[in-house]
Amino acid sequence: MQISDFKTWAVRAAEWAADYRRTLRDRPVRPNLAFGAIAARLPARAPEKPEPMETIVRDFEDLIVPGMTHWQHPRFFAYFPANAAPAAVVAEILISSMAAQCMLWQTSPAATELEITVVGWLRDALGLPDGFAGVLQDSASTATLAAVLTMRERALAFTGNRTGLAGRPAVRVYCSDQVHSSIDKACWIAGVGEDNLVKLPGRGPSKGLDADELDAAIRADRAAGHLPAGVIACVGGTSVGASDDVAAVVRVARAHGLFVHVDAAWAGSAMICPEFRGLWAGAEDADSIVVNPHKWLGAPFECAAHFIRDPESHVRTLAIQPEYLKTYGETRIVNFSEWSVPLGRRFRSLKLWFLLRAYGLEGLRTMIRNHVAWARDLAETIRASEGFELVTEPVLSLFAFRWTPPGATDLDAANIQLVEAVNRDGRVYVTQTRHDGRIAIRIQFGAFEMTEGDAREGWRVIREVAAGLEGG
Ligand SMILES: *Cc1c(COP(=O)(O)O)cnc(C)c1O
């Protein structure tokens, strides 16, 4: 394809995208496929000769789209949302068209300056103090890795990058057993090691860290000659929304001089609504916080906002300046690649800018408030429904329930069977989790285009499928 045909195909793609979004509600949320079914229909080798765009786009529609799980579907209730609000998708087209590498200020000055600006907007919207600077990372996983590297380097007086960790006391990191797997992975990659990630049991209904147990674990490690480095607080855990008392975690960590990173990848978006901020009270005193606008808020993946209290320690940990990356004559410059693990960076701030302007904070708050209200309503309906029980109370728009058909001997098996049957049906997509040792069905509302009707329809489908299983 030549640049002269670019407009034709870009318009075709935009028309397809608009139709796709308009008809999404009528498609199955998830396809029913066996592994390998799609690959079997694709040629084994790349073509030697150019193929016409007409053929490529037709194959996209025929072979690929039917094999996709539709994350923008209004009845996508599985995992967490991965919203891509239409206005932010338009920004993505512009970003891809320019395809700028935004690693340094001078490699795209407007990208860096817009990033400083919109991350500041978001920080204020979330109710965080001005003391936080911020950067848009690709994912919460890399933000957490950057935070773990920084806590490690602080504990080692910034010598770990140079000397490695061999022969040093064990660097220890603390969290609850409810944290996301990205915390484990960050500790693997940072050389901390799984054995030095101290996971304490999540206690009480919110499954949070117990401050006294945290304090005791740190003291015991010090006494054993280890090197406590930091604590990772969980706000809105992936399974059932487990949340630590961040203020208490910060208090204990401060008393021992430890760094605190808060993982609020999903729940953080809801903090644009002041009434939900109790969930992370104390986050304002943390050292580092990650919130994914690419989950609930509506920025297309990837867009992870990483708020940092002391960028100096992060830069000291992550910046490498070979000659070809130096910018002479400017001392106050921010080069965001020095705040992250990868060097290369996309122009992420543009999509956040489009998102925040096109919907306004009021529009985004309304979406989130609706999801939370509909989840609370459905949880009450389920609590009152015969044959079902509520397993966890809603944390924002996430809760878990269980099917309890009369006479069932193995409830775990019955609930897995129900999840599979519902997902085969295709009108709704849900996932299961294990809570206190038993299988439960997990529901979250978060799709940008979801309506209250989708919540009702979703529940109707689940009951209908369950009744079918009981009957058959
Ligand atoms: C989704 C999620 C992550 C991982 O996010 P990525 O941006 O995909 O790396 C980490 N922690 C929590 C609590 C999450 O919900």
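One-based numbering, in listed order, for ligands and for the atoms of each. Residue numbers start at 1 and run along the sequence shown. In this text the structure is predicted, and so the values were computed from the model without any measurement.
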**Asked** Would R123 count as a cation-pi partner of F132, with NZ or CZ less than 6.0 Å from the six-membered ring centre and within 45° of the ring normal?
**Response** no

**Message:** Using only atom types and a distance under 3.5 Å, with no angle test, would you say the side chain of S96 pairs donor to acceptor with the backbone of I93?
**Reply:** no

**Message:** Counting only heavy atoms not in E194 (residues, nucleotides, ligands), do more than 12 fall under 6.0 Å from its CD?
**Reply:** yes

**Request:** Would you verify whether the NZ or CZ of R25 falls within 45 degrees of the ring axis of Y20 while also being under 6.0 Å from that six-membered ring's centre?
**Result:** no

**Message:** Testing W374, F80, F77 one by one against F445 for a ring-ring contact (aromatic ring centres under 6.0 Å, His included), which residue passes?
**Reply:** F77

Pick out the protein N or O atoms lying less than 3.5 Å from any N or O of ligand 1, and list each pair with its distance.
{"from": "ligand 1", "atom 1": "5 (O)", "to": "N292", "atom 2": "ND2", "distance (Å)": "3.4"}
{"from": "ligand 1", "atom 1": "7 (O)", "to": "A140", "atom 2": "N", "distance (Å)": "2.8"}
{"from": "ligand 1", "atom 1": "7 (O)", "to": "N292", "atom 2": "ND2", "distance (Å)": "3.0"}
{"from": "ligand 1", "atom 1": "7 (O)", "to": "H294", "atom 2": "NE2", "distance (Å)": "3.1"}
{"from": "ligand 1", "atom 1": "9 (O)", "to": "A140", "atom 2": "N", "distance (Å)": "3.4"}
{"from": "ligand 1", "atom 1": "9 (O)", "to": "S141", "atom 2": "N", "distance (Å)": "2.9"}
{"from": "ligand 1", "atom 1": "9 (O)", "to": "S141", "atom 2": "OG", "distance (Å)": "2.5"}
{"from": "ligand 1", "atom 1": "11 (N)", "to": "D263", "atom 2": "OD1", "distance (Å)": "3.2"}
{"from": "ligand 1", "atom 1": "11 (N)", "to": "D263", "atom 2": "OD2", "distance (Å)": "2.7"}
{"from": "ligand 1", "atom 1": "15 (O)", "to": "K295", "atom 2": "NZ", "distance (Å)": "2.7"}

**Close aromatic pair by centroid cut-off 6.0 Å: F60 and W16** = yes

